[in-house]
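Following: one structure in structure tokens, then a few remarks.
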Amino acid sequence: MKAQHIYNIIVAAGSGSRFGAELPKQYCLMNGRPVLMHTIENMRVALPDSQIVLVLNKDFVDYWAELCEQYSFVSPRVVVGGDSRWQSVKNAVDTIPREAEVITVHDGARPIVDRMMVERLIAALDGAPGAIPVVSVTDSLRRVNEQGSAPVDRSQYKAVQTPQAFHADKLVEAYSLPFNPTFTDDASVMAALGNDVALVEGDTYNIKITNPLDIEIAQLYLRQR
Ligand code: C5P
């Protein structure tokens, strides 16, 4: 497969706060540069020559352009996101040309992407419509409902990461479905059309920056690599 037929969507349009208040985590500094620049750079290493589509919140497009100038960073093509992750991915999918063979989708808030893991994902597409990285759950788990809670067997569960990789035609078809609240990632959108994705060994270092302390942890991980 030619690398230039791989399209790589990086979603970074989430905004927990309005500009002027606290910055969304993807713009916070990690080792002196915004988290999102690390994510893009690591995806460029993992999938050289693939076409990156960067999805940003409309209120941060100008800010991102300023950051790119400040850090002499060449931005990928930018698409404006939507109110949900699903809408943000859909906006990007709608701009991808028909010659695309593979589409990967990655969270901008996951700066530590391992090239070997991405290679495992792409290889798994030989036998499946999609492939996703998963890791074992190390905490104990309980199912909670109105009646109370009960322990569940954690060996039956996996935590799902990104990037997730798909045959482009299957992902485009899945994203033509109307939104459903069960669509928490791209594999769940694919599942709505009966597409059974392959599970690939993920990477415990591939954390999603969620709390401010996660940036410190990610910096530590980067130093260990
Ligand atoms: O909110 P959550 O952590 O699940 O978001 C995962 C990724 O999706 C983040 O990188 C975030 O920026 C992105 N996102 C988006 N558009 C939204 C919501 C989330 O691109 N409306």
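Here, residue 1 is the first one in the sequence, and each next residue gets the next number. Atoms within each ligand, like the ligands themselves, are counted from 1 in listed order.
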Could you list who else is in Val200's hydrophobic cluster, with ILVMFWY side chains joined at under 4.5 Å, directly or through other members?
-> Leu121
Residues in side-chain contact (heavy atoms from CB on, under 4.5 Å) contact with Glu99, at least two apart in sequence or another chain = His5, Tyr7, Pro97
Amino acids contacting ligand 1, non-hydrogen cut-off under 4.0 Å | Val11, Ala12, Ala13, Gly14, Gln26, Gly82, Asp83, Ser84, Arg85, Ser88, Asp107, Gly108, Ala109, Lys208
Between the side chain of Arg110 and the main-chain N/O of Asn206, is any donor-acceptor distance below 3.5 Å?
-> yes
Provide the closest heavy-atom pair for Ser155 versus Asp153 in the form atom of the first, atom of the second, distance.
-> OG-OD1, 2.7 Å
Listed once per pair and sorted, the side-chain hydrogen bond (donor to acceptor under 3.5 Å, both in side chains) pairs that draw on residues 118-138, sequence neighbours left out = Arg115-Glu119, Ser136-Lys158
Presence of salt bridge, Asp139 and Arg154, under 4.0 angstrom | no
